[in-house]
Amino acid sequence: MYKIAVIPGDGIGKEVMEAALTVLDALNLDFEYEFGEAGDECKEKNGIPLPQETIDIVKKSDACLFGAAGETAADVIVRLRQEMDLFANLRPVKSYPGSNGLFDDLDFMIVRENTEGMYIGKEEYIKDESGNIIGATAERLITRYASKRICEYAFKYAKDNGRKKVTGVHKANVLKKTDGLFKEVFYEIAKKYENEKIEAEDFYVDATAMYLLTRPQSFEVIVTTNLFGDILSDEGAGLVGGLGLIPSANIGEKSALFEPVHGSAPDIAGKGLANPTAMILSAIMMLEYLGEKEMAIKLDKAILKVLSDGETVTADLGGNATTTEMAEAIKNEIS
Ligand code: ATP
């Protein structure tokens, strides 16, 4: 039995979560759901966007499914990442039929370090003698510990998922100390995987941004620091289609949280227009994390069928099905 924390959140988060749970039901897994509140609505009701009770639910769970939060997204998701030490952010770049992406033959994973780098929140103003702000600085932290942990994760992911190459992305020619250390650790870990026949290569982040457009098929697993990973994974999303199709995972040593990349989309909330695919693909990532590979494949096949038929898909994919209708179609494919 798995304990799954479910946080639908705001706006379309609630709709796509309902769709994902409908589809998961069809797999007859031994899941016990515990629902938690978080987000804008929760703040309105309880005065805070992320109550301790919700954090406790997530901490006690084997995995967490998260829908979306509106204005309070940073307070909710950043806090959860910190509380749970969710150090790896996984963003698959995978082409699905009917998505109108730039490429229809991509399938690689971006593994982004989630806890340090440019996002440690240490910024300072530089002031002149009269106290006028004349500049600002930001601190960028790269530790051997976090670099090792994320590179280990990327190589192990490659090994477990039949991938043959890991690309380390950095800017060590300019950021000599911080990214110099990251690159050094990357190759230390790579050495340990030589026997597994997993190739290691490294590129500067600017070159990678170009290669993602000119030869994205050459990537299998990319591992990189926080800010670079944030930017490259959005570029990756742009390669394979709209926001309604992009899932993500935040993985820690003890727990993990799975969420679509899109937000609460207030413009379409409550209208049944939300594409549930990103949330369902996030649930597939959760199944893989829990070791339920067969179920993950079964659900992936069902989504592929519904997307390639193109009949029961939401408006963003050119169809006229509602969120619920699309989820039902996927559920029917499973059965
Ligand atoms: P938030 O403030 O919560 O981030 P947002 O509207 O600024 O919300 P997103 O929710 O990420 O940002 O979405 C941007 C736009 O993309 C939405 O307004 C919506 O039109 C479209 N969109 C996002 N997710 C989906 C989805 N699942 N299905 C269909 N359209 C979507």
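Whatever order the structure lists them in is the order used to number ligands and atoms, beginning at 1. Please read these numbers as outputs of a predicted model, since none were measured by experiment.
Residue Glu18 places its CD atom among 12 or fewer non-hydrogen atoms of other residues, nucleotides or ligands, all under 6.0 Å distant.
Using the six-membered ring where Trp is involved, Phe219 and Phe203 have ring planes that are perpendicular, over 60° apart on the 30 and 60° scheme.
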Identify all side-chain donor-acceptor contacts of residues 67-76 below 3.5 Å with residues at least two apart in sequence or on another chain.
from, atom 1, to, atom 2, distance (Å)
Thr72, OG1, Asp40, N, 3.1
Thr72, OG1, Asp40, OD1, 2.6

Could you pull out every donor-acceptor pair under 3.5 Å between side chains of residues 272-287 and any protein atom, sequence neighbours left out?
from, atom 1, to, atom 2, distance (Å)
Asn275, OD1, Thr277, N, 2.9
Asn275, OD1, Thr277, OG1, 2.6
Asn275, ND2, Asp316, OD2, 3.0
Ser282, OG, Glu259, O, 3.2
Ser282, OG, Ala278, O, 2.7

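Residues satisfying the ring pair (Phe, Tyr, Trp, His ring centres under 6.0 Å) test with Phe87, not counting sequence neighbours, are none.
Side-chain atoms of Ser147 and Phe186, non-hydrogen and from C-beta on, never get closer than 4.5 Å to each other.
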Using a 3.5 Å cut-off on N/O to N/O, what pairs does ligand 1 make with the protein? A line per pair would be great.
from, atom 1, to, atom 2, distance (Å)
ligand 1, 3 (O), Ala69, O, 3.4
ligand 1, 3 (O), Ser264, N, 2.7
ligand 1, 3 (O), Ser264, OG, 2.8
ligand 1, 8 (O), Ala265, N, 3.4
ligand 1, 10 (O), Gly263, N, 3.0
ligand 1, 10 (O), Gly263, O, 3.3
ligand 1, 10 (O), Ser264, N, 3.4
ligand 1, 10 (O), Ala265, N, 2.9
ligand 1, 11 (O), Gly263, N, 2.8
ligand 1, 18 (O), Asp267, OD1, 2.6
ligand 1, 18 (O), Asp267, OD2, 2.8
ligand 1, 20 (O), Asp267, OD2, 2.9
ligand 1, 27 (N), His262, NE2, 3.4
ligand 1, 27 (N), Asn275, O, 3.1
ligand 1, 28 (N), Asn275, N, 2.9

